[in-house]
Each structure stands twice: as structure tokens, then as C-alpha cells.
Amino acid sequence: AKLELLTLAAGMDSLKGNVIEGIGDLLTKLPLDSIVEKDKIGEVDIQTRYYEPLLSAILADTTKKVILRWPNKMDETAPEIRLDAIISTLVQLKFGRHLGYGEVKPGDNSTTTQSLCVDTLKLTVLSRNTCLKNEHPILAFQINGSSTDFLLPDSLLSIQSFATLKNLQILLRVTQIFWHCCHSVPFLNDSPLLSHSSSLGIDTLLNIANSSNFRYRNCPIQYY
């Protein structure tokens, strides 16, 4: 099946082909049936088994010297923030400018609305700081278990229901926005994106998040 998808992708333009290749890569990583013990699936499992195959296909390209990495380390634009994912360029043997960031939560009973809000604020601060520093748009994604803007498959048996026209169009749109806006950067000298107004410190922003860890409390941001 993967060979057939790769053959199909070879006849498409590069961005559409990347989406198909990503779905093909999922075929080698997903279990045949859904894992029942969801609470035993950690962040690393979520990253490497369910998201890395697809996201690397659409948001990374070694021929363009762009990689998706999962460092779980502090970022220089906000030293107090530890990141789950960074999309970076490569300059010779070193990491270059950052093109995107991601945060991951397993979506189990340990994931609270408060922790998701903190991740949202972290992505907001990092994206803004990098926009101002490198003068180009940033792609940010937030993962809550198997949910993003669409439900990713958690087994081979659910691949068919995942590969709908709507989901394929969403993936293609994300791919197009990333490569056309974040990677191929136009001259933005007069863009309102570069407003260098002072921003609140990360500690102040994190205090905005309600400290309650009650999983089902109301929140103006809808995390699915």
C-alpha cells in the first residue's frame, strides 16, 4: 500500500505529493488496532508514532535544508521556555533560523485545561519573538493527544476514515502556507507584522492562565 501511495505521489506536484507521502509513512508506524490503554501513551509516543511521520513529510525537506526536530530544550528567543518541537533551517552543520514551533500533550487524564493554556501562551511568545527577530511568519501547532484541527488516525484500521477530502485539503493548505509564507519569505520591511511594541514577560503571561487544574472547567479556548 505504501509503495502505491509513493507511486501516486511521484506524479503530483511536490506539495500535494508530500501530503500523500506523509500518509504513506503513517502506514509503517501506526499499530493495526487502536491502543486501548490511552493513559500509557506518553508524549514521546504521540510525537514519534502518530505525528512525526506525517508532519515531517509536509513541514520538512532535507533538499531544502529544513528539518522538524523534537529537542525538548530551552529556546534562545525565550530562555525560560522549554520546547517540544522546532522547525529549523540548516546552515552548514548548524541549526539556522526557526520557521515553526510545536507543543504536545498526551491528551490523557494528566492533561488539564491549565496546561493546554500554558502551552498556547508559550507558542504565542515564541512565535512573536521569532517573527520580530527574523522578520518572517512562524507556523505554530499544538497537539492534544490525537487531536489537532482534525482527528489523526490512531491505527491502520482508521486510515481510510482519516483520508477524507476535507482532511487532505486541510493538510495541503497547511503545507502551502508553511512553504510559501514561512520558508519563502518576502521582503517585509513595511509589514505590520514587524511592530516592535514591547511585550509582556513570559511569567506575566503565564499568570494569565487560571491556576486551577480541574480538567473540565470552562475555558474560552476550546481544546478538543
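Just so it is clear, the values below take in all heavy atoms, side chains as well, and ignore hydrogens, waters and symmetry mates.
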For this session: Carefully, step by step, assess Lys2 and Asp25 under the rule side chain to side chain contact (heavy atoms under 4.5 Å, CB included).
Result: CA-CA 7 Å; Lys2 181 177 180 180; Asp25 290 341; 3.3 Å; yes
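A distance of 11.5 Å separates CG of Asn134 from SG of Cys182, quoted to the nearest 0.5 Å. Taking CG of Leu172 as the reference point, atom CD1 of Ile170 lies at 11.0 Å (rounded to 0.5 Å). The CZ atom of Phe141 sits 7.0 Å away from the CG atom of Leu59 when rounded to the nearest 0.5 Å. We find the OG-CG distance between Ser158 and Asp33 to be 9.5 Å, quoted to the nearest 0.5 Å. One finds the SG atom of Cys131 at 7.5 Å from the NE2 atom of His136 (value rounded to the nearest 0.5 Å). Here the CG atom belonging to Leu27 is positioned 11.5 Å from the CG atom belonging to Leu3, to the nearest 0.5 angstrom.
A distance-only check finds a donor-acceptor pair linking the side chain of Ser115 to the backbone of Thr112 [under 3.5 Å]. Checked by atom type and distance alone, the side chain of Gln142 pairs as donor or acceptor with a backbone atom of Leu116 at under 3.5 Å. No donor-acceptor pair closer than 3.5 Å links the side chain of Ser110 to the backbone N or O of Pro106. Under a 3.5 Å cut-off, the side chain of Lys122 and the backbone N or O of Arg82 do form a donor-acceptor pair. Counting only distance, with no hydrogens or angles, the side chain of Trp179 and the backbone of Ile58 share a donor-acceptor pair below 3.5 Å. Gln176 contributes no side-chain N or O that, together with a main-chain N or O of Leu15, makes up a donor-acceptor pair within less than 3.5 Å. The backbone N or O of Thr89 lies less than 3.5 Å from no partner atom in the side chain of His98, so there is not a single donor-acceptor pair.
The shortest distance between side-chain heavy atoms of Leu30 and Pro153 falls below 4.5 Å. Proximity of Ile86 to Leu68: side-chain heavy atoms (C-beta onward) are nowhere separated by under 4.5 Å. The shortest distance between side-chain heavy atoms of Tyr50 and Ile143 does not fall below 4.5 Å.
No continuous path of ILVMFWY side-chain contacts below 4.5 Å connects Leu171 to Leu165, so the two sit in separate hydrophobic clusters. The hydrophobic clustering, which links ILVMFWY residues whose side-chain heavy atoms are closer than 4.5 Å, places Leu157 and Leu54 together. Hydrophobic cluster membership differs between Tyr101 and Leu90, with clusters built from Ile, Leu, Val, Met, Phe, Trp and Tyr side chains linked at under 4.5 angstrom. In the hydrophobic clustering of this structure, Trp70 does not group with Val44; members are Ile, Leu, Val, Met, Phe, Trp, Tyr whose side-chain heavy atoms approach within less than 4.5 Å, directly or through other members. Residues Leu5 and Met12 are members of one and the same hydrophobic cluster, defined by side-chain heavy-atom contacts under 4.5 angstrom among Ile, Leu, Val, Met, Phe, Trp and Tyr.
Of the candidates Thr130, Leu132, Thr124, Leu132 is the only one forming a side-chain contact (heavy atoms from CB on, under 4.5 Å) with Arg128. Among Asp84, Asp119, Thr111, the one residue that satisfies the side chain to side chain donor-acceptor pair (under 3.5 Å) test with Lys105 is Asp119. The side-chain contact (heavy atoms from CB on, under 4.5 Å) with Ile87 is formed by just one residue from the set Ile67, Val66, Ile138; it is Val66.
For the pair Arg69 and Phe95, the cation sits on the ring face: its NZ or CZ lies under 6.0 Å from the ring centre, inside 45° of the axis.
For Gln92, there are no side-chain hydrogen bond (donor to acceptor under 3.5 Å, both in side chains) partners at least two apart in sequence or on another chain.
Closest non-hydrogen pair, Ala140 versus Ser127, comes out as CB-OG, 3.8 Å. Taking every heavy atom of both residues into account, Ile46 and Gly145 meet most closely at CG2-O, 3.8 Å.
A side-chain donor from one of Asp154 and Ser34 sits under 3.5 Å from a side-chain acceptor of the other. Side-chain atoms of Ser56 and Tyr51 form no donor-acceptor pair, as typed in the model, at a separation below 3.5 Å.
Looking at Lys40 and Asp45, no side-chain N of the basic residue comes within less than 4.0 Å of a carboxylate O on the acidic one, giving no salt bridge.
For Lys65, the NZ atom is loosely surrounded, since the number of other residues' heavy atoms within 6.0 Å does not exceed 12.
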